[in-house]
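In what follows, chains are A, B, ... by sequence order, proteins preceding strands, each numbered from 1. Just so you know, these numbers use all the heavy atoms, side chains as well, and skip hydrogens, waters and symmetry mates.
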Amino acid sequence: MSLTIATWNVNSIRIRLDHLARVVARCAPDVLCLQETKVTDDLFPTEALAGLGYPHQVRWGMKAYNGVAILSRRPLTDDGRQDWAGRADCRHVWATVDGGPGLGPIRVHSLYLPAGGDRPDPEANPKFAHKLRFLRAQARWWKAQRDQGPPAVLAGDFNVAPLESDVWSHARLRRVVTHTDVERDLLTRMMRAGGWEDAVCRLIPPPQPVFTWWSYRTPDGLTADKGRRLDHLWVSRGLAERVSDVTILKETRAWPTPSDHVPVVVTLA
DNA sequence: ATGGTAGACACTCTA
């Protein structure tokens with residue numbers, strides 16, 4: 001028995017339904033963690049996604065911005081949601097899925113961390129200050145949650161590229177939001193506090209570069225491979241040895257009218 | 001220092 005979990009920032013679930021169908025045809029994940037759904041729950045495409053094989057859904061969205069969801073082929077139980085850094089902006093949901101014999105129940109989190117604006121200065125840029133507050137709060141939360149409840153998966157768009165090999169040029173991006181020292185340090189702290197292990201790094205060891213995002217604004221960004229690894233899938237310690245496959249679906253970025261992020265797909269066996 | 005593209009929504013925001 002195995003469980004395949006994907007995480008993908010779709011940049012609008014309604015405009016990405018066709019791509020979602022193609023992703024499902026490609027890798028048939030059991031569980032899909034989505035970010036930037038950009039839709040309120042009453043307008044969420046529940047039926048269309050059930051028709052793709054995902055009748056079990058947890059979604060939490062708002063108008064125009066943010067929004068997260070978990071779609072599953074198998075029943076979801078004990079679902080929850082939480083606000084962070086003093087804002088009600090639909091960035092974190094979770095639910096428990098049965099991984100089957102040998103895996104048992106697994107709590108899956110879909111998380112969308114703030115992008116942080118343009119200037120990496122918390123004094124001058126309130127969005128960056130918010131991002132740092134969010135990261136610190138996450139580290140505190142996961143430290144308290146550590147070793148509680150079932151084995152867990154934390155997946156999503158974290159908007160931080162923590163390793164030097166997570167960006168196309170470490171030297172040129174060190175002062176760019178997503179790859180500054182303070183963000184990289186806080187994400188590492190959050191990971192250690194929760195006892196998380198990076199499932200992708202487990203099978204694709206650094207410094208092998210892995211990118212999951214290519215900016216819309218860089219015309220040659222994809223062909224020149226000027227990417228960053230902003231999307232992550234972490235597993236709690238008990239699951240680290242179960243990571244049996246990792247796939248980054250880079251091809252989706254070259255499809256017509258793509259999301260700027262691509263799916264990260266991890267199989268636990 | 002600036003502007004580049006995309007999505008939502010209603011003209012400007014966020015990424």
Side-chain angles (χ1 to χ4, degrees), chain A residues 7-23 33-45 48-49 59-69 83-92 110-135 155-162 166-169 172-180 183 187 211-232 249-264:
Chain A
T7 181
W8 192 16
N9 177 325
V10 288
N11 188 15
S12 170
I13 182 71
R14 288 179 291 179
I15 211 163
R16 215 67 64 197
L17 281 174
D18 182 50
H19 282 203
L20 208 64
R22 293 177 71 180
V23 165
C33 297
L34 304 177
Q35 301 86 35
E36 279 208 89
T37 52
K38 292 189 172 179
V39 65
T40 50
D41 295 346
D42 56 320
L43 296 175
F44 193 84
L49 295 167
R59 65 267 203 286
W60 195 24
M62 57 192 282
K63 190 175 180 177
Y65 304 113
N66 310 329
V68 286
D83 286 323
W84 290 95
R87 290 194 198 177
D89 55 0
C90 304
R91 292 178 179 274
H92 184 191
S110 180
L111 178 68
Y112 177 46
L113 260 84
D118 287 332
R119 294 180 60 185
D121 176 358
E123 307 291 322
N125 173 10
K127 291 181 192 171
F128 194 70
H130 173 237
K131 182 178 194 174
L132 300 185
R133 277 203 310 279
F134 197 113
L135 281 161
D157 174 5
F158 298 174
N159 269 310
V160 179
D166 288 337
V167 293
W168 64 276
S169 168
R172 294 180 71 160
L173 289 167
R174 260 194 110 163
R175 283 167 198 83
V176 173
V177 171
T178 65
H179 195 61
T180 62
E183 293 165 272
L187 193 73
F211 304 147
T212 67
W213 176 88
W214 293 261
S215 174
Y216 285 130
R217 301 180 196 177
T218 313
D220 68 333
L222 188 61
T223 47
D225 208 19
K226 292 178 178 173
R228 306 178 203 172
R229 187 169 72 114
L230 303 183
D231 304 272
H232 301 272
L249 283 180
K250 183 181 177 182
E251 66 216 69
T252 67
R253 187 64 178 80
W255 292 349
T257 62
S259 168
D260 44 354
H261 297 254
V262 305
V264 175

Asker: Identify, between A/Ile15 and A/His261, the residue whose nearest nucleotide on DNA chain B lies closer to the 5' end.
Answerer: A/Ile15
Asker: Side chains of A/Pro114 and A/Lys127: does their closest heavy-atom pair fall under 4.5 Å?
Answerer: no
Asker: For A/Trp255, is the NZ or CZ atom of A/Arg22 found under 6.0 angstrom from the centre of its six-membered ring and inside 45 degrees of the ring axis?
Answerer: yes
Asker: State whether the number of non-hydrogen atoms from other residues, nucleotides or ligands found under 6.0 Å of A/Asp121 atom CG is greater than 12.
Answerer: yes
Asker: Starting at the 5' end of DNA chain B and moving along, which residue's nearest nucleotide shows up first, A/Asp118 or A/Pro114?
Answerer: A/Asp118
Asker: Between A/Val160 and A/Glu183, what is the shortest heavy-atom contact and its length?
Answerer: CG1-O, 3.8 Å
Asker: Select base, sugar-phosphate, or nothing to describe what A/Arg16 touches, counting heavy atoms under 4.0 Å on all strands.
Answerer: sugar-phosphate
Asker: For A/Arg91, which contact category applies under a 4.0 Å heavy-atom criterion: base, sugar-phosphate, or nothing?
Answerer: sugar-phosphate
Asker: Does the side chain of A/Arg228 come under 3.5 Å of the side chain of A/Thr178 through a donor N or O and an acceptor N or O?
Answerer: yes
Asker: Nucleotide range of DNA chain B contacted by chain A, 5' to 3', under 4.0 Å to a heavy atom?
Answerer: B/dG4 to B/dA15
Asker: With sequence neighbours excluded, what pairs up with A/Lys250 under the side-chain hydrogen bond (donor to acceptor under 3.5 Å, both in side chains) test?
Answerer: A/Asp225
Asker: Can you tell me how far C1' in B/dT14 sits from the matching atom in B/dG3, rounded to whole Å?
Answerer: 16 Å
Asker: With P as the reference atom in both, quote the distance from B/dG4 to B/dC9 in angstrom, rounded to an integer.
Answerer: 25 Å
Asker: Distance between the C1' atoms of B/dC11 and B/dG7, in whole angstroms?
Answerer: 14 Å
